[in-house]
Amino acid sequence: MLSGLTKFILGFFLAIAVLIGGGAAIAFYFMNRTGIPPAKPVFSNDSPSVKAQAPKATEPGGAKPTLTPGTKAESSPSSTSAPTESPKATPSPKPLPSGAYRGRVSWAEGLSLRSQPNQEAEKIGGVAFNQKIIVLSESEDKSWQKIRLEGSEQEGWVKAGNTEKVDQQ
């Protein structure tokens, strides 16, 4: 009688241990699967730097390169070569306003460019990750920065702490 009761109790606890262990393993599996972020979508109105980071689709059977307007196909070298144009000098960058400095966006998802230094202000554009900017000023509470996109005249406000200063040589 005693051995039957101990077998029942041990079997009961063993079954509970198997159920708990299996449930924990399934929960751990699904928690890890939901922790993987999906690929960032690329839209047609994104800046070229974002499109360059997007993965390229491949065609089955090997893709052949296609020419787009403005590109030239490479040909075999010929005995007569045309003179090449020398590169044109790049204009020197405009001097920065006093207190301004060059920087880049360090937030991986990019930033929203706003018309005023607050979260409810109208979005007037976006700034991509690693895009070069000029930090013009900061808000009085130091939580917003007024920036200008480098190579553009577009200005706006972004949340402070998402940019970093770039040293210019």
Side-chain angles (χ1 to χ4, degrees), residues 22-74 83-169:
I26 290 171
F28 183 71
Y29 171 78
F30 283 112
M31 291 297 286
N32 280 335
R33 294 294 299 159
T34 59
I36 300 171
K40 184 177 180 183
V42 178
F43 300 102
S44 60
N45 63 345
D46 283 343
S47 66
S49 63
V50 173
K51 289 181 183 178
Q53 296 172 358
K56 304 288 183 201
T58 58
E59 295 178 15
K64 294 184 180 180
T66 59
L67 292 178
T68 57
T71 60
K72 296 179 182 178
E74 290 189 28
T84 59
E85 290 184 36
S86 61
K88 294 185 171 99
T90 58
S92 61
K94 288 194 261 180
L96 298 176
S98 69
Y101 59 90
R102 297 188 189 283
R104 71 173 189 86
V105 175
S106 59
W107 188 254
E109 285 82 27
L111 302 173
S112 294
L113 198 61
R114 298 190 181 272
S115 61
Q116 298 295 321
N118 62 46
Q119 197 70 25
E120 288 77 32
E122 174 189 7
K123 290 183 184 178
I124 56 173
V127 189
F129 172 65
N130 256 348
Q131 186 169 353
K132 293 179 181 179
I133 58 170
I134 299 171
V135 178
L136 301 171
S137 64
E138 291 185 336
S139 63
E140 290 186 22
D141 62 355
K142 305 281 188 211
S143 63
W144 291 86
Q145 294 176 320
K146 186 169 187 175
I147 66 164
R148 178 173 49 215
L149 304 180
E150 196 166 278
S152 167
E153 294 301 315
Q154 187 176 16
E155 293 183 2
W157 293 87
V158 295
K159 200 80 164 132
N162 298 318
T163 61
E164 62 184 31
K165 189 173 184 175
V166 174
D167 294 328
Q168 290 287 67
Q169 282 99 8

Could you grab the distance from atom [atom1] of [X] to atom [atom2] of [Y], nearest 0.5 Å is fine?
X: Glu122; Y: Ser115; atom1: CD; atom2: OG; value: 5.0 Å
X: Glu164; Y: Trp107; atom1: CD; atom2: CH2; value: 13.5 Å
X: Leu113; Y: Leu111; atom1: CG; atom2: CG; value: 8.5 Å
X: Asn118; Y: Ser143; atom1: CG; atom2: OG; value: 9.5 Å

Checking side-chain contact (heavy atoms from CB on, under 4.5 Å) for the pair Glu155/Leu136: CA distance, chi angles, key distance, verdict?
CA-CA 9 Å; Glu155 293 183 2; Leu136 301 171; 3.6 Å; yes
Which of Ser137, Ser139, Pro117 passes side chain to side chain contact (heavy atoms under 4.5 Å, CB included) with Lys146? Answer is Ser137
Any Trp144 side-chain heavy atom under 4.5 Å of Glu138 side chain:
no
Could you tell me whether the side chain of [X] and the main chain of [Y] form a donor-acceptor pair under 3.5 Å?
X: Arg114; Y: Gln119; answer: yes
X: Gln154; Y: Ile124; answer: yes
X: Thr163; Y: Arg104; answer: no

Distance-minimising heavy-atom pair for Ala128 and Val105
O-CB, 3.4 Å
Heavy-atom nearest pair, Gln145 first then Tyr101, reads NE2-OH, 3.5 Å
Could you walk me through whether Ile133 and Glu150 pass side-chain contact (heavy atoms from CB on, under 4.5 Å), step by step?
CA-CA 5 Å; Ile133 58 170; Glu150 196 166 278; 5.9 Å; no
